[in-house]
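Here the structure comes first, spelled out in structure tokens, and everything after it is commentary.
Being a predicted model, the structure only gives us computed values, none of them experimental.
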Amino acid sequence: GQSEMGQGVFTAMPMLVAEELHVDWKMVKAEYTDSNRHVRNNNLYQRMSTGGSGAVRNSRVYLQQAGASARERLKQAAAEAWGVQRADVTAKDSVLTAGTKKGTYAEFATKAAAIQLPQEPAIKQPGQFTLIGQPLARLDTPLKVNGSAVFGMDVKLPNMVYAAVKQVPVIGGKLKSFNFDAIKGRPGVIGAYALKSNMEHPYATRVQEGVTVVADTFYRALTALNLMPVEWDLGPDVAINTASHTAAMREAVKGPGAVARNDGDALGNMKKAVKFVEGTYRTGYDAHVCMEPLNCTVQINGDRVDAWGGFQNPPGALAVVAEHLGVQPTSVYTHTTFLGGGFGQRSRNHEVRQAAEIAKLVGGNRPVKMIWTREEDIRQLRGRPSGLTWFKAGLDAKGNVIAYHARTAQHSGAAQTNPQSVANGLDNGSSNGIRDIRYNFKDILVESYIRNTNIPTQAYRAPGYEHNAFHSEQFIDEIAHA
């Protein structure tokens, strides 16, 4: 139920089942769960959105229980066939034994599936583990070494066509025009289509206005797209740039802000200090830059829609396709591949929405593979927010920190997408790693400021911490040096 993007869940999830099922690990192989079945059966697999470093933590009990329950049903099926008690049957390495009687799991699987136990068995506790914690070779490594692993970029289907995309290069801009006549005679070109924006749509799946060229190969689609004259209306935010945004953040931290943390009397103690350390640190917006640029393949075949890709949230991708095309979720089937990096980028499904739109425009039941170039992937970043933090520490005569004061100006995704969640101008998520530093200073004041631009942001590995930890740790180094 979790997506493999390099972190090992394609091995860890089966280990959780196998620990309880008592199977021969050499006989284990893994496959992704079916999100259509998940949706049809009331979220059958419980958690299929992979993020927050929670795959093992949030799936462990559920998957152990699945393995333990299957094991006991197999034992019960064998016990009934052999005329013994279930407690007399041993399950080990995919084989059931009771005295001189022996049988494989496969022999009893069908009967076991129909058995209802009076109560589900208890699962093992950590001290009882025999497989979990062992150094096992990852199941996906051979596939990635020999090239047989299928990523979204590798999907090939009969009669498939390819779509190259360009979107307005300034967030919030518009497509004015494009001249298809200039390229329509080029080899393999099928069509060019305007792409609508849904920037007013809920945060997760917002896409820009743009244009796509569809052809029989991606090379031909991209070549034609680059040759086709396109005119943009760059919109009112064309003047926003790094310099202007940095200036706004620097100005913000000069005065008092929303209080994110106030322990002791930092301002009072600052007046008693005999030495001061100050520092200001800035980090910019950052694209996810996954090794595999965004892509998705969609085929519309009557009432059924299929989507292939590296989804961090397959049921979310399913829901996006259903909503965008106006079909029932139970009519949509997603086929999850390996992910060439995710980091939060592949959980939002904006590429899925765009691929569904292009498949609808192309028509004819043809699978359409939509690929963003690396340039487009970075230009349309939905990644880490920018931030700037000013720090001041007061030290006593012995060099002890007696006052710690931070003011951090940050882009707030919450303020952008769910303003009511930001009370009194305070988004605690954007001050993660500054507000909750791990150093035992008794007198701390942290103030926070929201300074947004037109750029939408989203999760980028441990939101807040992965750039604020740089701010705060740099300053701690400055204190240590002083």
Can any side-chain N or O of Asn400 pair as donor or acceptor with the backbone N or O of Asp396 at less than 3.5 Å? no

Side-chain donor or acceptor of Lys442 paired with backbone N/O of Gly264 under 3.5 Å: no

Side chain to side chain contact (heavy atoms under 4.5 Å, CB included) test vs Leu195 passes for just one of Glu357, Met370, Gln208, Glu209, namely Glu357

dist Lys360:NZ -> Ile300:CD1 (nearest 0.5 Å) comes out at 8.0 Å

*Mind checking whether Asp237 and Ile171 have side chains closer than 4.5 Å, heavy atoms only?*
no

Is it true that the side chains of His471 and Thr389 contain a donor and an acceptor less than 3.5 Å apart? yes

Q.
Does this structure show an ion pair linking Arg353 with Glu323, if we count only N-O contacts that are shorter than 4.0 Å?
A. yes

task: For Gln2 and Gln7, test the side chains for any donor-to-acceptor distance below 3.5 angstrom and give the result as yes or no.
output: no

Q.
Would you say Thr334 and Ser35 are linked by a side-chain donor-acceptor pair, where the criterion is simply a distance under 3.5 Å?
A. yes

Value for OH (Tyr162) from CG (Leu222), rounded to nearest 0.5 Å, stands at 13.5 Å

Check: Mind checking whether Phe441 and Tyr439 have parallel, tilted or perpendicular rings, split at 30° and 60°?
Finding: parallel

Only distances under 3.5 Å count here; give the side-chain donor-acceptor pairs of residues 267-275 to other protein atoms, sequence neighbours excluded, each with its distance to 0.1 Å.
{"from": "Asn269", "atom 1": "ND2", "to": "Ile402", "atom 2": "O", "distance (Å)": "3.0"}
{"from": "Asn269", "atom 1": "ND2", "to": "Asp443", "atom 2": "OD2", "distance (Å)": "3.1"}
{"from": "Lys275", "atom 1": "NZ", "to": "Ala482", "atom 2": "O", "distance (Å)": "3.1"}

| Any donor-acceptor pair under 3.5 Å from Gln416 side chain to Ile455 backbone | yes

Salt bridge Asp140-Arg138, side-chain N to carboxylate O under 4.0 Å:
yes

With Ile378 as partner, the option from Gln380, Glu375, Arg374, Glu376 fulfilling side chain to side chain contact (heavy atoms under 4.5 Å, CB included) is Arg374

Would you check if there is a donor-acceptor pair between the side chains of Thr33 and His38 at a distance under 3.5 Å? no

- Task: Anything under 30° is parallel, anything over 60° is perpendicular, the rest tilted; go ahead and classify His245 against Tyr285.
- Result: parallel

Is it the case that the side chain of Asn58 and the backbone of Ala55 share a donor-acceptor pair, with hydrogens and angles ignored and the cut-off at 3.5 Å? no

With a 4.5 Å heavy-atom cut-off, do Ile444 and Ile437 have their side chains touching? yes

- request: Examine distances only and state if a side-chain atom of Glu251 and a backbone atom of Ala248 form a donor-acceptor pair shorter than 3.5 Å.
  value: no

Discussion item. Main chain of Tyr193, side chain of Thr212: is a donor-acceptor contact present, judged purely on distance under 3.5 Å?
Written reply: no

Rounded to the nearest 0.5 Å, the CG atom of Leu63 sits from the CD atom of Glu20 at a distance of 10.5 Å

Does the structure place the NZ or CZ of Lys124 under 6.0 Å from the centre of the six-membered ring of Phe129, at an angle of no more than 45° from the ring's axis?
no

Is there a donor-acceptor contact under 3.5 Å from the side chain of Thr246 to the main chain of Ala243?
no

(Q) Suppose we call two aromatic rings close when their centres sit under 6.0 Å apart. Are Phe10 and Phe338 close by that rule? (A) yes

When rounded to the nearest 0.5 Å, the distance separating CG of Leu16 from CD1 of Ile132 is 5.0 Å

Do we see a donor-acceptor contact under 3.5 Å between the side chains of Asn418 and Gln420?
yes

Separation between CG (Leu294) and CE (Met153), nearest 0.5 Å, reads 8.5 Å

Ignoring hydrogens and angles, state whether a donor on the side chain of Gln134 or Trp25 is under 3.5 Å from an acceptor on the partner side chain. no

Review point. Between Asp286 and Arg384, is there a salt bridge with N-O shorter than 4.0 Å?
Key: yes

Tell me whether Gln167 contacts the main-chain N or O of Gly210 through its side chain, where contact means a donor paired with an acceptor under 3.5 Å.
no

In this structure, CE of Met160 is separated from OG1 of Thr217 (nearest 0.5 Å) by 10.5 Å

- prompt: Is the backbone N or O of Leu426 less than 3.5 Å from a side-chain atom of Asn424, with the two atoms forming a donor-acceptor pair by type?
  reply: no

